[in-house]
There are 2 protein chains.
Amino acid sequence: MILIDYKDPRPIYEQVTERFAELILKGALESDFKMPSVRTLAMELSINPNTIQKAYMELERRGFIYSVKGRGSFVAGNDSLVIRHRQDCLKRLGDLASEALEYGVTKKEMIETIEKIKEGKS
Amino acid sequence: MILIDYKDPRPIYEQVTERFAELILKGALESDFKMPSVRTLAMELSINPNTIQKAYMELERRGFIYSVKGRGSFVAGNDSLVIRHRQDCLKRLGDLASEALEYGVTKKEMIETIEKIKEGKS
DNA sequence: TAACTGTACTATCATGAATAATACAGTTAG
DNA sequence: CTAACTGTATTATTCATGATAGTACAGTTA
């Protein structure tokens with residue numbers, strides 16, 4: 001479910017955070033799904049529990065999960081998260097396109113690039 | 001010409017590198033323009049000469065400038081760099097669009113976003 | 001020749017990521 | 001009830017990286 005890439009320059013806690021956010025946003029993890037415990041996941045990934053704790057705190061701060069002392073951490077309802085993320089994707093795309101325009105890339109080229117994308121190539 | 005943003009999480013040498021790359025790619029610095037010397041620029045920015053040295057080494061590695069011991073560093077010819085950067089922009093845009101597709105953003109939304117961009121809004 | 005250039009090297013410091021080891025409080029299955 | 005699990009918090013240590021500081025050497029130029 002989670003893989004750590006030690007060639008990735010990003011810190012481990014960030015990779016874990018992003019990976020779970022991705023799974024939740026793509027609907028791979030249902031609402032109220034019980035997340036692996038901090039200690040269990042740390043064991044599985046052969047890393048320190050504090051690193052997982054940091055990732056879970058960040059996921060909770062961003063609304064992806066909720067944690068209950070003694071019970072565990074669970075996936076939060078994700079409808080508004082999905083909507084927010086789509087808006088964020090569009091914003092990032094617009095920003096990147098604006099930048100590309102400044103470097104001389106044309107809107108036509110960009111639109112053609114998007115139209116050429118094969119759907120479902122994950 | 002160069003400004004350091006201490007709120008930017010990126011290291012200083014990277015900010016300097018990216019800023020010069022931007023100036024060169026946008027044609028603000030002509031070929032063979034003499035770059036400020038390592039020590040001069042360090043003085044101006046109130047940072048360490050080694051930090052500028054690192055930025056210039058990176059700029060040279062990426063083909064933006066060339067350095068001559070005793071004479072200085074100079075902007076390299078930038079035609080192929082510009083072409084390469086436009087291709088890179090398009091690739092990044094395509095990658096981001098592919099990712100957005102996986103999160104449920106439609107091509108139509110993306111294309112509309114691009115079409116709405118006001119040109120020359122830098 | 002003096003003052004400038006790039007380049008290289010070593011040492012030091014601050015910061016953040018990660019580890020390590022506890023500790024405490026709440027939950028739950030046996 | 002209790003043992004074993006949960007999340008959470010805290011402190012100390014290690015390590016890598018960015019940045020600073022100081023020095024040195026080689027080449028250029030007015």
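These values consider heavy atoms only, across backbone and side chains, with no hydrogens, waters or symmetry-generated copies. Being a predicted model, the structure only gives us computed values, none of them experimental. Just so we're on the same page: letters track the sequence lines, and every chain starts at 1.
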> Could you give the CZ-to-P distance, from A/Arg39 to C/dT19, as a whole number of Å?
Replying inline: 16 Å
>> What is the distance, to the nearest angstrom, from the CZ atom on A/Phe74 to the C1' atom on C/dT27?
In response: 10 Å
> What's the closest nucleotide to the A/Glu60 side chain, out of C/dA21, D/dT8, D/dA24?
Replying inline: D/dT8
> Would you say a side-chain N or O of B/Ser37 is under 4.0 Å from OP1 or OP2 of C/dT5?
Replying inline: yes
> With no hydrogens and no angle check, is any side-chain donor or acceptor of A/Glu58 less than 3.5 Å from a backbone partner on A/Thr17?
Replying inline: no
>> Test your reading of the model: is there a side-chain donor-acceptor pair from A/Thr51 to the backbone of A/Ile47, 3.5 Å cut-off?
In response: no
> What is the distance from OH of A/Tyr66 to P of D/dG7, rounded to the nearest Å?
Replying inline: 13 Å
> In whole angstroms, how far is the C1' atom of D/dA19 from the CD atom of B/Gln53?
Replying inline: 13 Å
>> Could you tell me how far apart B/Met57 (CE) and C/dC9 (C1') are, to the nearest whole angstrom?
In response: 12 Å
> With distance as the sole criterion, is a donor-acceptor pair present between the side chains of A/Asp32 and A/Tyr66 under 3.5 Å?
Replying inline: yes
>> Would a single hydrophobic cluster contain both A/Phe64 and A/Ile83, if residues Ile, Leu, Val, Met, Phe, Trp and Tyr are joined by side-chain heavy-atom contacts under 4.5 Å?
In response: no
>> Could you check whether any side-chain N or O of A/Arg39 sits under 3.5 Å from a backbone N or O of A/Pro49, counting only pairs where one atom can act as donor and the other as acceptor?
In response: no
> Quick one: is C/dT28 close enough that its OP1 or OP2 comes under 4.0 Å of any side-chain N or O from A/Arg71?
Replying inline: yes
> Of the nucleotides C/dT19, C/dA8, D/dG7, which has the atom closest to the B/Asn50 side chain?
Replying inline: C/dA8
> Closest to the B/Val38 side chain: C/dG26, D/dG22, C/dG6?
Replying inline: C/dG6
> How many Å lie between CD1 on A/Ile47 and P on C/dA20, as a whole number?
Replying inline: 11 Å
>> Pick the closest DNA chain D nucleotide for B/Thr51 and for A/Tyr56 by heavy atoms, then say which residue is nearer the 5' end.
In response: A/Tyr56
> Quick one: is D/dG18 close enough that its OP1 or OP2 comes under 4.0 Å of any side-chain N or O from B/Lys54?
Replying inline: yes
> Under 3.5 Å, is there a donor-acceptor pair between the side chain of A/Lys54 and the main chain of A/Tyr13?
Replying inline: no
> Between B/Thr40 and C/dC4, is there a side-chain N or O to OP1/OP2 distance below 4.0 Å?
Replying inline: no
> In terms of side-chain heavy atoms of B/Asn48, which of D/dT20, D/dG7, D/dC25 is nearest?
Replying inline: D/dT20
> A/Lys69 has an atom NZ; how far is it from atom P of C/dA23, in whole Å?
Replying inline: 17 Å
> Do any N or O atoms from the side chain of B/Gln15 and from the backbone of B/Asp5 form a donor-acceptor pair under 3.5 angstrom?
Replying inline: yes
> So what's the dot-bracket for DNA chain D: Watson-Crick or G-U pairs under 3.5 Å, [ ] if a pair crosses, | if it pairs off-strand?
Replying inline: ||||||||||||||||||||||||||||||
> Can you check whether A/Ile12 reaches A/Asn48 side chain to side chain, under 4.5 Å on heavy atoms?
Replying inline: no
>> If you take any heavy atom closer than 4.0 Å to DNA chain C, which residues from residues 3-25 of chain A end up in contact?
In response: A/Pro11, A/Ile12, A/Tyr13
>> Are A/Ile117 and B/Met110 linked, directly or through intermediate hydrophobic residues, by side-chain heavy-atom contacts shorter than 4.5 Å (ILVMFWY only)?
In response: yes
> Taking atom P of D/dT20 as reference, at what distance in whole Å does atom CE of B/Met43 sit?
Replying inline: 14 Å
> Taking all atoms of both residues into account, what is the closest heavy-atom pair of A/Ile24 and A/Asn78, and its distance?
Replying inline: O-ND2, 3.5 Å
> Phosphate oxygens OP1/OP2 of D/dT6: is one of them under 4.0 Å from a side-chain N or O of A/Ser73?
Replying inline: no
